[in-house]
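Throughout, protein chains are lettered first and strands after them, A, B, ... in sequence-line order, and every chain is numbered starting at 1.
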Amino acid sequence: MYKNFVIRLGYPTQNLTLPASTNHTLRLSNLPNAAKVRGLIRENIADLARILLWNSERDIALFRMGQSLIPFASHPEFPYNWAVEHGEELREVGEIAIDHGIRLSMHPGQFIQPASPNPAVVEHSLLELRYVARAFDLMHASDAVMVLHMGGAYGDPATTAARFIEVLSQEPDVLRYLALENDERVWSVPETSDTAAALGIPAIVDAFHHGFNTGGLTLSEALDLALPTWGNRRPKLHLSSQDPNKRPGAHAYSISTNDWKLLLEALESREADIMIEAKSKELALANLEIR
DNA sequence: AGATGTCAAGCGGAT
DNA sequence: ATCCGCTTGACATCT
């Protein structure tokens with residue numbers, strides 16, 4: 001049914017209307033309390049199921065799960081084998097997504113630095129990426145996307161990009177889901193697209209970040225470069241708007257009409273899955289006219 | 001009871 | 001040289 005839409009929309013982490021969150025977590029000091037951890041994970045999975053059903057009733061075809069779906073999943077002190085104990089629950093919630101044609105994603109955060117010169121940071125980062133791949137596997141989420149920034153450049157972007165490629169080329173399980181997103185300071189679309197191409201994976205254009213760090217490209221040119229990296233998969237994009245009362249780069253409550261119009265114009269008739277990153281989460285989708 | 005500050009992790013940039 | 005922001009919920013500690 002969703003194939004009828006050229007543009008599909010989604011939102012991250014939580015639903016304010018229900019309300020429901022896939023990002024319930026706990027303090028590290030409480031991690032030894034396995035009963036507490038189990039309960040939180042079941043709460044995240046139950047809320048994910050509620051969100052997926054809510055989305056399906058409104059033809060919302062994308063959802064980004066919270067990175068704490070399994071809190072501290074990659075931490076060495078995690079108290080039990082989460083993939084075994086929650087495997088069936090993850091399979092069941094994954095089936096809801098499949099049944100309703102909803103594409104899932106996750107977005108490991110700023111501490112994930114696979115190109116770090118520090119081997120310990122690289123290893124922690126890989127553990128986190130493998131957690132995401134494992135969760136997707138257990139959910140049978142074959143079209144899911146693991147969205148990642150390339151992290152620091154350590155004063156030498158070319159060498160760092162080469163190291164990023166070298167490290168991740170050893171991670172076939174991660175590469176099946178991984179996509180590289182441009183950021184507002186360090187890595188622009190031409191750089192993420194080149195790195196992604198070298199790894200045989202796609203690049204996500206974040207239209208808002210692109211405005212701060214264009215790499216010399218218009219938005220339209222950036223899309224021309226990144227969209228083909230998706231091959232025959234539906235391309236993913238990110239969109240957000242500037243909060244007028246906060247520092248440059250801060251996400252607004254909703255999407256400005258102009259930003260939406262500019263992205264649609266740059267896309268022309270091409271299809272895309274657009275993740276809407278707004279403080280008002282699912283509420284921000286209501287004003288966006290899709291084709 | 002309610003408000004506040006801190007919590008695993010790493011970067012780049014502002015000051 | 002130090003600090004802040006990235007994002008959000010949990011929760012220890014305070015009033």
Side-chain angles (χ1 to χ4, degrees), chain A residues 11-16 18-33 35-48 51 63-79 82 105-132 147-157 159-161 163-164 167 180-188 191-192 206 208-209 211-213 238 240-243 245-253 275-282 284:
Chain A
Y11 58 97
T13 321
Q14 62 192 142
N15 181 299
L16 303 175
L18 282 170
S21 169
T22 60
N23 222 17
H24 299 285
T25 185
L26 75 171
R27 293 280 186 86
L28 179 60
S29 58
N30 293 320
L31 191 61
N33 184 344
K36 186 181 183 75
V37 175
R38 258 186 216 98
L40 279 167
I41 292 171
R42 293 197 174 123
E43 197 178 346
N44 282 334
I45 292 173
D47 274 5
L48 174 58
I51 289 170
F63 184 70
R64 181 197 297 164
M65 300 178 283
Q67 199 57 25
S68 294
L69 184 75
I70 313 288
F72 295 99
S74 68
H75 196 282
E77 304 297 320
F78 193 91
W82 62 264
S105 60
M106 277 205 198
H107 193 358
Q110 64 270 33
F111 302 112
I112 305 311
Q113 302 280 345
S116 172
N118 178 342
V121 172
V122 176
E123 192 51 33
H124 295 157
S125 298
L126 292 177
L127 288 171
E128 184 73 6
L129 299 181
R130 291 176 196 143
Y131 141 59
V132 174
V147 182
L148 186 68
H149 291 294
M150 287 177 59
Y154 311 94
D156 184 352
T159 303
T160 302
R163 195 164 58 235
F164 188 96
V167 167
L180 303 183
E181 180 190 353
N182 58 306
D183 65 77
E184 65 186 50
R185 292 192 173 98
V186 185
W187 304 101
S188 60
E191 295 166 312
T192 54
D206 184 306
F208 183 50
H209 292 153
F212 292 92
N213 186 17
H238 286 183
S240 49
S241 287
Q242 176 65 48
D243 186 323
N245 301 315
K246 294 189 183 158
R247 57 146 198 109
H251 288 177
Y253 188 76
M275 182 59 59
I276 301 299
E277 297 178 317
K279 296 286 182 195
S280 66
K281 305 297 182 190
E282 82 283 357

Between [N] and [M], how far apart are the two [atom1] atoms, rounded to whole Å?
N: B:dG2; M: C:dT8; atom1: P; value: 25 Å
N: C:dA12; M: B:dA8; atom1: P; value: 11 Å
N: C:dA1; M: B:dA9; atom1: P; value: 23 Å
N: C:dT7; M: B:dA3; atom1: P; value: 26 Å

Is there a donor-acceptor contact under 3.5 Å linking the side chains of [X] and [Y]?
X: A:S188; Y: A:E191; result: yes
X: A:E282; Y: A:Q14; result: no
X: A:H149; Y: A:N182; result: no

Check the distance between [N]'s [atom2] and [X]'s [atom1] and give it to me in whole angstrom.
X: A:Y253; N: C:dT7; atom1: OH; atom2: C1'; result: 17 Å
X: A:R247; N: C:dC3; atom1: CZ; atom2: C1'; result: 15 Å
X: A:Q110; N: B:dG13; atom1: CD; atom2: P; result: 15 Å
X: A:W187; N: B:dG12; atom1: CH2; atom2: P; result: 10 Å
X: A:F111; N: C:dC4; atom1: CZ; atom2: P; result: 15 Å
X: A:H124; N: B:dG10; atom1: NE2; atom2: P; result: 8 Å
X: A:Y11; N: C:dT8; atom1: OH; atom2: P; result: 14 Å
X: A:N44; N: C:dT8; atom1: CG; atom2: P; result: 14 Å

Report yes or no: is the cationic atom of A:R27 (NZ for Lys, CZ for Arg) closer than 6.0 Å to the six-membered ring centre of A:F72, at no more than 45° off its axis?
->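 That pair does not qualify as a cation-pi contact.
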Salt bridge or not for A:R64 and A:E181, using N-O below 4.0 Å?
->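 Salt bridge absent between A:R64 and A:E181.
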Are A:E123 and A:R130 within salt-bridge range, i.e. N to O under 4.0 Å?
-> yes
Could you say whether A:E128 or A:N118 is positioned toward the 5' end of DNA chain B, judged by the nucleotide with the nearest heavy atom to each?
-> A:E128
Is there a side-chain contact between [X] and [Y], using heavy atoms and a 4.5 Å cut-off?
X: A:R163; Y: A:Y154; answer: yes
X: A:F78; Y: A:P71; answer: no
X: A:L126; Y: A:V167; answer: yes

Which pairs, protein N/O on one side and nucleotides 9-11 of chain C N/O on the other, fall under 3.5 Å?
residue : atom : partner : partner atom : Å
C:dG9   : OP1  : A:Q14   : NE2          : 2.7
C:dA10  : OP1  : A:H24   : ND1          : 3.0
C:dA10  : N3   : A:R27   : NE           : 3.4
C:dA10  : N3   : A:R27   : NH2          : 3.3
C:dC11  : OP1  : A:N30   : ND2          : 3.2
C:dC11  : OP1  : A:K36   : NZ           : 3.2
C:dC11  : OP2  : A:K36   : NZ           : 3.2
C:dC11  : O2   : A:R27   : NH2          : 2.9

Assign [X] to base, sugar-phosphate, or nothing according to its heavy-atom contacts below 4.0 angstrom with the strands shown.
X: A:Y154; value: sugar-phosphate
X: A:Q113; value: sugar-phosphate
X: A:S116; value: sugar-phosphate

Can you find a side chain N or O atom of A:K246 that sits less than 4.0 Å from OP1 or OP2 on C:dG5?
-> no
CG-OG distance between A:L26 and A:S68, expressed to the nearest 0.5 angstrom =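 One gets 9.0 Å once the value is rounded to the nearest 0.5 Å.
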According to a 3.5 Å limit on both distances, what stems of 3 or more consecutive Watson-Crick or G-U pairs are formed with DNA chain C?
->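 The stems that DNA chain C takes part in, listed by first number, are B:1-7 with C:9-15, B:10-15 with C:1-6.
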